[in-house]
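To start, the structure itself, in structure tokens.
Chain letters run A, B, ... following the sequence lines, proteins first and then strands; every chain starts at 1.
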Number of protein chains: 2
Amino acid sequence: MQRIEQHASFDGSQEVWTHDSATLGCAMKLGVYLPPQAQQGPCPVLYWLSGLTCTEQNFITKAGAQQFAAEHGIVVIAPDTSPRGEDVADDEAYDLGQGAGFYLNATREPWAKHYRMYDYVTRELPALVAEHFPVTDARSIFGHSMGGHGALVIALKNPGTFRSVSAFSPIVAPTRVPWGEKAFSVYLGDDREAWKAWDTCELVAQASEKLPLLIDQGEADPFLAEQLRPQWLEEACARADHPCDVRMRPGHDHSYYFIASYMSEHFAHHAAALKR
Amino acid sequence: MQRIEQHASFDGSQEVWTHDSATLGCAMKLGVYLPPQAQQGPCPVLYWLSGLTCTEQNFITKAGAQQFAAEHGIVVIAPDTSPRGEDVADDEAYDLGQGAGFYLNATREPWAKHYRMYDYVTRELPALVAEHFPVTDARSIFGHSMGGHGALVIALKNPGTFRSVSAFSPIVAPTRVPWGEKAFSVYLGDDREAWKAWDTCELVAQASEKLPLLIDQGEADPFLAEQLRPQWLEEACARADHPCDVRMRPGHDHSYYFIASYMSEHFAHHAAALKR
């Protein structure tokens with residue numbers, strides 16, 4: 001682990017670190033925000049997963065999270081969205097390959113070798129964070145769009161691991177919308193049954209832990225009707241008696257302007273759970 | 001004036017507009033934040049001037065200003081930093097030409113034709129804003145680095161026009177530091193006496209209005225010792241009995257992480273003056 005950026009931010013420190021990932025077989029970068037409280041002792045951790053086309057930079061430069069992380073004393077970890085590098089399979093499309101890891105473990109070649117973002121985020125990354133930063137065992141997770149999908153899937157597949165979960169504009173049913181169908185057919189192959197292990201609406205139906213799902217969704221989001229469809233998650237949660245709060249936000253689009261507008265509320269949600 | 005971006009943001013609207021500037025002889029873009037209060041009636045205006053290499057985008061995506069503009073009910077105008085376009089003189093260096101207008105009126109060719117950012121910001125822009133947006137006559141100004149220089153110079157050269165002024169890491173003595181010497185010799189020629197009309201330390205010495213200068217400066221700013229030298233402004237203000245508060249911030253660098261960390265304090269400063 002090597003620190004490649006360091007900026008004082010709201011009495012804490014916004015950093016970027018790089019390391020060679022054994023899981024992904026490539027060098028990876030991650031954003032790490034250390035709140036001022038981390039100078040006194042270990043703090044809980046909140047993971048952020050970004051959306052299509054993003055790197056570790058988008059969230060740390062645009063979301064305005066540091067203010068609230070400093071207020072609540074939370075370490076924030078923002079990894080990249082996919083494996084990277086010349087040796088890593090890629091595609092010219094913005095919604096496939098590098099920048100579009102979808103937080104799953106690919107099973108088809110040439111993707112299976114490097115595209116293991118699920119294992120990276122759930123195993124290698126927490127171990128790395130625990131080794132290098134002053135953190136407690138308390139952890140939560142949130143994300144945006146493809147990263148909202150990642151946060152929800154990862155929380156649902158790992159009961160007891162996360163204190164809370166939330167998402168902005170998540171892809172809740174990737175097995176039934178174009179972004180997910182395209183990525184899953186390429187990364188996982190044609191067996192649609194196998195896709196269900198990576199679909200929030202499917203996972204909710206069988207969840208053993210009733211972790212409440214908090215979701216903010218812009219009503220003016222251009223991807224709402226075709227790719228996001230939060231009403232499908234509300235229906236799946238209603239059927240499974242799984243607590244779910246989808247808050248539709250008039251006028252808001254898919255951008256970081258939307259994310260920043262409700263960042264304080266998501267931090268309040270996670271801080272309440274992390275400090276229990 | 002044509003709107004080319006619109007994003008809901010903190011119950012208000014972050015927009016980008018474009019227009020053909022008569023002053024600059026080219027198309028220009030500007031960021032416009034309309035707080036929720038602007039839906040009820042006219043609001044005061046705060047101008048932001050960005051630094052070297054920036055466009056209208058840097059401030060609106062990275063500074064976290066919308067939260068505080070919405071809280072205080074202030075319209076925020078963030079113009080580009082220079083004229084733009086293929087017909088506009090340019091230079092390969094990051095600190096000259098497009099992206100480096102220095103908020104002055106150039107007198108040497110080929111710059112004099114388009115590089116009139118001082119006239120643009122002080123005349124054309126306020127008229128445009130008054131015509132198209134719900135604003136009162138109350139206005140203040142702030143900026144960063146080259147834009148901090150711009151804000152201070154513009155406030156000092158226009159007594160009675162601005163209710164308050166502030167700056168992050170401003171270039172306070174461009175006639176005596178490499179960035180300013182390079183730009184002024186190119187835009188204004190070799191007559192160093194003519195340069196003094198665009199130098200905050202020189203202007204303070206003859207200011208008829210004692211508008212207090214509020215400045216935040218990071219102690220870990222890599223440009224501090226060579227380009228910024230805020231102590232020169234403190235000395236000039238002490239000699240002229242001009243109120244000046246330079247706040248040195250340990251650990252902070254020259255980035256938007258620094259700016260965002262103290263944005264709330266600058267808004268409090270300007271809001272107090274704008275609502276008098």
Side-chain angles (χ1 to χ4, degrees), chain A residues 3 5-16 31-36 38-39 54 57-71 76 78 168-169 216-222 224 247-267, chain B residues 3 5-16 31-36 38-39 54 57-71 76 78 168-169 216-222 224 247-267:
Chain A
R3 192 169 71 176
E5 278 190 46
Q6 193 275 323
H7 311 276
S9 172
F10 288 94
D11 297 323
S13 182
Q14 178 63 58
E15 309 184 347
V16 177
V32 178
Y33 180 72
L34 301 172
Q39 293 159 25
C54 289
Q57 288 290 324
N58 303 66
F59 177 78
I60 66 177
T61 57
K62 294 184 175 180
Q66 293 89 354
Q67 176 188 354
F68 308 110
E71 178 186 331
V76 184
F168 295 88
S169 352
D216 275 307
Q217 173 62 55
E219 288 185 356
D221 186 326
L224 175 57
R247 307 186 294 199
M248 298 302 295
R249 302 296 192 175
H252 277 283
D253 58 23
H254 200 68
S255 70
Y256 270 88
Y257 292 109
F258 164 54
I259 295 170
S261 295
Y262 298 102
M263 189 52 61
S264 71
E265 296 187 22
H266 284 244
F267 265 88
Chain B
R3 193 171 68 176
E5 279 189 48
Q6 193 275 324
H7 312 276
S9 173
F10 288 93
D11 297 322
S13 182
Q14 178 62 58
E15 308 184 347
V16 178
V32 178
Y33 181 72
L34 301 172
Q39 293 161 26
C54 289
Q57 288 289 324
N58 303 67
F59 176 78
I60 66 176
T61 57
K62 294 184 175 181
Q66 294 89 355
Q67 176 188 352
F68 308 108
E71 178 186 331
V76 184
F168 295 87
S169 352
D216 275 308
Q217 173 62 56
E219 288 186 355
D221 186 327
L224 175 57
R247 306 186 295 198
M248 298 302 296
R249 302 296 192 176
H252 277 283
D253 59 23
H254 200 69
S255 71
Y256 269 89
Y257 293 109
F258 164 55
I259 295 170
S261 296
Y262 299 101
M263 189 50 64
S264 70
E265 296 187 21
H266 284 245
F267 265 88

Exercise. Quick one: are B:Gln67 and A:Gln67 in side-chain contact, heavy atoms under 4.5 Å?
Worked result: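 Side-chain contact under 4.5 Å: yes.
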For this session: With the side chain counted from C-beta on, respond yes when B:Tyr257 and A:Gln66 share a heavy-atom pair under 4.5 Å apart, and no when they do not.
Result: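 Yes, their side chains come closer than 4.5 Å.
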State the [atom1]-[atom2] distance between [X] and [Y], to the nearest 0.5 angstrom.
X	Y	atom1	atom2	answer
A:His7	B:Ser261	NE2	OG	11.0 Å
A:Ser9	B:Ile259	OG	CD1	12.0 Å
A:Asp253	B:Gln14	CG	CD	11.5 Å

Exercise. Who pairs with B:Glu15 by salt bridge (Lys or Arg N to Asp or Glu O under 4.0 Å), at least two apart in sequence or on another chain?
Worked result: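 Expected list: B:Arg3.
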For this session: With sequence neighbours left out, write down each residue that passes salt bridge (Lys or Arg N to Asp or Glu O under 4.0 Å) with B:Glu265, or none if nothing qualifies.
Result: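 By the salt bridge (Lys or Arg N to Asp or Glu O under 4.0 Å) rule, B:Glu265 matches B:Arg247, B:Arg249.
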Problem set entry | Under 4.5 Å from a heavy atom of chain B, the part of A:Phe258 involved |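 Only the backbone of A:Phe258 comes within 4.5 Å of chain B.
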Exercise. At a heavy-atom separation under 4.5 Å, does A:Thr61 approach chain B through its side chain, its backbone, both, or neither?
Worked result: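 Its backbone and side chain both get close to chain B.
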